[in-house]
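The structure appears right after this line, and notes come after that.
Lettering follows sequence order; numbering is per chain, from 1.
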There are 2 protein chains.
Amino acid sequence: MTGSRRPTLSDVAHEVGVSAKTVSRVLNDDGPTSARTREKVMEAVNRLGFQPNLMARNMRRGSPDSTIGLVVPDMGNPFFGTVAGGIEDAVRERGLTLLMGSSAEDPAQERALIETFLSRRVSALVVVPSVGAHHAYLGGVSSGPPVVFLDRPGSGLATDRVVSSNRSGAQEGTAHLLAAGHRRIGFIGDLPAGLYTRRERLAGYRAALADAGVPYDRNLVASGHDQGASAAATEGLLDLAEPPTALLAGNNFTAMGAVTALARRRRKDIALVAFDDLPLAEILEPPLTVIAQDPAALGAAAARTVLARLDGDRTRPRAEVVPTRLVPRGSGELPPR
Amino acid sequence: MTGSRRPTLSDVAHEVGVSAKTVSRVLNDDGPTSARTREKVMEAVNRLGFQPNLMARNMRRGSPDSTIGLVVPDMGNPFFGTVAGGIEDAVRERGLTLLMGSSAEDPAQERALIETFLSRRVSALVVVPSVGAHHAYLGGVSSGPPVVFLDRPGSGLATDRVVSSNRSGAQEGTAHLLAAGHRRIGFIGDLPAGLYTRRERLAGYRAALADAGVPYDRNLVASGHDQGASAAATEGLLDLAEPPTALLAGNNFTAMGAVTALARRRRKDIALVAFDDLPLAEILEPPLTVIAQDPAALGAAAARTVLARLDGDRTRPRAEVVPTRLVPRGSGELPPR
DNA sequence: GTGAAAGCGCTAACAG
DNA sequence: CTGTTAGCGCTTTCAC
C-alpha cells in the first residue's frame with residue numbers, strides 16, 4: 001500500500017499520451033480542452049489516484065499557502081477550541097485551512113511556532129500572544145502575511161487586534177454585586193499577574209468599586225492559574241479576618257476553583273460572579289451568574305479582519321472589541337449577611 | 001510594511017557575494033563553511049529578514065510536509081481539544097505541526113478536508129471518522145501517508161486505530177449501579193444511534209444487565225446529541241410509568257443534559273453514572289460518578305503510532321485501547337428507593 | 001486545441 | 001571550503 005512513488009502530473013500525462021500542460025489545463029479549468037481529452041485525463045487521474053501537489057502549485061504560482069496559522073496558549077482550554085472553531089467556520093468557504101499550534105504560554109515556543117508558520121508561507125497569522133512575548137520582529141521586514149492578535153493585544157507591533165470587553169464587563173459584573181449590597185468583594189485572578197486579561201478585568205473591578213465609593217483593598221485580591229490553585233486562593237480569602245461577602249472570578253478556571261471552594265466550605269451565602277461562562281453554570285447551587293464571553297464571535301471577528309486584509313484592505317490597524325454580556329442567574333444576587 | 005518581495009536564498013547570496021548553495025549550507029549546517037562566511041551570511045539573513053521557504057525545501061528534498069493532518073468532528077468540544085493537545089505534545093519535538101480541520105460530522109466535509117491534507121502532502125493523517133464516512137479511497141492507491149483512526153474505527157480501510165475501552169467501561173459503570181441495587185437503569189446515548197461510541201457503550205450497558213440477570217428494556221434507552229436534547233430525553237425517562245431509578249449517560253454532553261434534567265426536577269435520589277469526566281463533577285450535588293476517559297492519552301497514543309509508522313514500522317495494523325477508569329464520587333452509589 | 005521551454009525557491013550530486 | 005548544474009511538480013508564456 002505504501003512504497004511506489006506518488007503519481008505526478010506528468011505520470012498522468014504519459015498515461016494519456018498528452019503533455020503535462022494539458023492535464024494541468026483540465027484540472028484547473030484553464031484554457032480550452034476537447035471533451036474527449038478531458039474525459040481521458042479524468043479517467044487516468046482517478047485510476048492512478050493522482051492528487052495535485054499543493055506545495056508545487058503554490059510555489060509556481062507564487063501564492064501563499066492556503067492556510068491560516070493560529071497560535072494559542074492551550075488547545076485543551078475549551079475557550080480556545082471554540083475560538084478556533086469560529087475562525088474555521090469563517091474561512092472555510094475561502095478554502096483556507098487552519099494550521100494550529102500551542103505556545104504553552106511560552107514566548108520562545110510561540111516565536112518558534114510563528115517562524116514555522118512564516119516559513120510555510122501561511123496566508124495569515126492569528127496569534128494569542130504569550131505574556132512577555134515581543135513581536136517587533138514580525139514588523140521589522142517587508143511583506144509578511146497579515147497578523148491579528150486575539151484575546152490579548154500583542155506587544156511591539158501595531159496591527160489588528162480583537163479582544164473581549166474585559167474591562168467594562170468586569171465593571172458591570174462588580175457593579176452587579178455592589179447593587180446587591182456587597183461592600184467587601186474579593187477578586188480571584190488568573191496568573192501571571194501581568195496577563196492582559198487579568199489586568200483589564202482587575203481594572204474594571206477597581207473602577208466599579210471607585211464608582212461606588214468603596215475603597216480598594218488589595219488583601220481581597222487572590223490568584224490562581226488552574227482550578228486547584230484558584231480553589232486554594234478562594235479559601236484563603238474566606239479565611240481572612242474580614243472575609244469578603246462576594247467574589248468576582250477572573251476567568252473560567254478561576255471560576256471553577258471558586259465554585260469548588262465554596263462547595264467544599266458549604267458557603268452558599270457567598271455571592272459569586274464569574275468572567276466567562278461555564279457549561280453547567282445554570283444548575284450549580286446557586287446558579288452561577290456570569291459575564292459571558294463569546295469565543296466563537298472572537299474567532300469570527302479575527303477571521304473577518306484577516307480576510308479583509310487579504311482582500312487588500314490597507315487602512316490602519318483595527319482594534320475590535322467583542323462585547324461581553326452579564327447573565328444573572330442567582331449567585332450574583334445573594335445579599336451580604 | 002507589505003509590498004516588496006520576500007527575500008530568497010539567492011537574494012541573500014547576492015548580498016554576501018557567495019553562491020546560493022553556500023547560503024544553503026550555512027543554514028542547514030550541511031557541509032563545511034568558513035567561520036567568516038557563516039558570519040556574513042547570518043548577518044545578511046537577519047538584515048534582510050530572510051525566512052527559508054519550507055514549501056520549496058520540502059519539494060526539493062522530496063520529503064513530505066512536516067505537518068500532521070487532524071480531522072475532528074467539532075473543535076469546540078473540549079474532548080477533541082484535549083486530544084489535539086495530546087497529539088501536539090507528542091510530535092512537537094519531531095518538528096511536526098498540527099494541521100487541523102473540523103468535519104462537522106459530515107462525511108463530505110470530512111473527505112474534502114482529507115483530500116486537502118493529502119494534496120498538502122502531510123506526513124500523516126489522524127482522523128476521527130464521521131458516521132457514514134467510508135475510507136476505502138484512502139487505501140485504493142499507492143503510497144499515501146500513514147492514517148490513524150481515533151476515537152472511532154474507520155470503515156473500509158484496515159489501518160491503525162486508537163479507541164477508549166468503551167464497552168468494558170460502560171459495563172463497569174452499569175455494574176456499579178447494579179451493585180447499588182438498581183434494577184431499572186436508563187441509558188441516555190448520543191446521536192446518531194449508529195455512532196460507534198454509542199453502540200459500544202450501549203453494548204457494555206446491556207452486557208452488564210445480562211450478567212446481573214436484569215432484562216433489557218428498550219423503553220429505558222433515550223437519546224440526545226446536545227445538552228438540551230439530552231435533558232429532554234432524560235425527563236422523558238423520568239416521566240415513564242415505571243421510571244428508572246438510575247441512569248447511565250453515554251458521553252459528556254448527554255451527562256450535562258442528564259445532570260441538568262435531574263437538577264430541574266430536583267431528583268437527587270436518582271443515581272447517575274456518566275461516560276467521560278466533567279470539570280465540575282466533584283462539586284455537583286450529589287458529586288458525579290464517572291467513567292473517565294483520557295483524551296490526552298488517546299492523542300498521545302495516536303501520535304506514537306504515527307511516529308512508529310513514519311519510522312518504518314510495517315507491521316500489521318494496531319488496534320490500541322486506552323483504558324477508562326471508574327471514578328466513584330457519590331451519584332452512582334445512591335440506592336434505589 | 002495542444003505542446004515546449006522556462007522557472008518558482010530550494011537542495012542533491014558532482015566538480016573543483 | 002565553495003561553485004555549477006540539474007531538477008523536485010507544477011504553471012506561465014509563448015509558440016504552433
- prompt: Hey, is the main chain of S102(B) close enough, under 3.5 Å, to the side chain of E88(A) for a donor-acceptor pair?
  reply: yes
- request: Determine to 10° how strongly the helix from dG1(C)-dC16(D) to dG16(C)-dC1(D) is bent, judged from the axes of its five-pair ends.
  value: 40°
For the student: nearest non-hydrogen atoms of P295(A) and F79(A), plus distance: CB-O, 3.7 Å
- request: Over all heavy atoms of both residues, which pair between A297(A) and V322(A) is shortest? Give the atoms and the distance, please.
  value: CB-CG1, 4.0 Å
message: Please identify the 5'-most and 3'-most nucleotides of DNA chain D with any atom under 4.0 angstrom from a heavy atom of chain A.
response: dG9(D) to dT12(D)
query: Under 3.5 Å, side chain of D313(B) to main-chain N/O of T315(B), donor-acceptor pair present?
result: yes
message: Does N28(B) reach a base, just sugar-phosphate, or nothing at all? Heavy atoms under 4.0 Å.
response: sugar-phosphate
- prompt: Looking only at atom types and distance, does a side-chain atom of D160(B) sit under 3.5 Å from a main-chain N or O of R318(B), one as donor and one as acceptor?
  reply: yes
query: Does D311(B) use its side chain to pair, donor to acceptor, with the backbone of A308(B) at less than 3.5 Å?
result: no
message: Quick check on dC10(C): is either OP1 or OP2 less than 4.0 Å from any side-chain nitrogen or oxygen of S10(B)?
response: no
- prompt: Using a distance-only test with no angle check, is there a side-chain donor-acceptor pair under 3.5 angstrom linking T22(B) and S19(B)?
  reply: yes
Can you tabulate the close N/O pairs, meaning under 3.5 Å, that link protein atoms to atoms of nucleotides 7-9 of chain C?
| residue | atom | partner | partner atom | Å |
| --- | --- | --- | --- | --- |
| dG7(C) | N2 | R60(A) | NE | 3.4 |
| dG7(C) | N2 | R60(A) | NH1 | 3.2 |
| dG7(C) | N3 | R60(A) | NH1 | 3.2 |
| dC8(C) | O2 | R60(A) | N | 3.4 |

task: Quick one: label T22(A) by what it contacts on the DNA or RNA (base, sugar-phosphate, nothing), any heavy atom closer than 4.0 Å.
output: sugar-phosphate
task: Output yes when a side-chain donor or acceptor of S123(A) lies under 3.5 Å from a complementary backbone atom of D65(A), and no otherwise.
output: yes
- request: Could you tell me the separation between the NZ atom of K21(B) and the P atom of dT11(C), rounded to a whole number of Å?
  value: 7 Å
- prompt: Is a donor on one side and an acceptor on the other found under 3.5 Å between the side chain of S164(A) and the backbone of Q293(A)?
  reply: no
message: Taking T33(B)'s backbone N and O only, do any of them form a donor-acceptor pair with R38(B)'s side chain (distance below 3.5 Å, no angle check)?
response: yes
field: side-chain N/O S24(B) vs dT11(C) OP1/OP2, d < 4.0 Å
entry: yes
query: Does one side chain, of N28(B) or R57(B), offer a donor that lies under 3.5 Å from an acceptor on the other?
result: yes
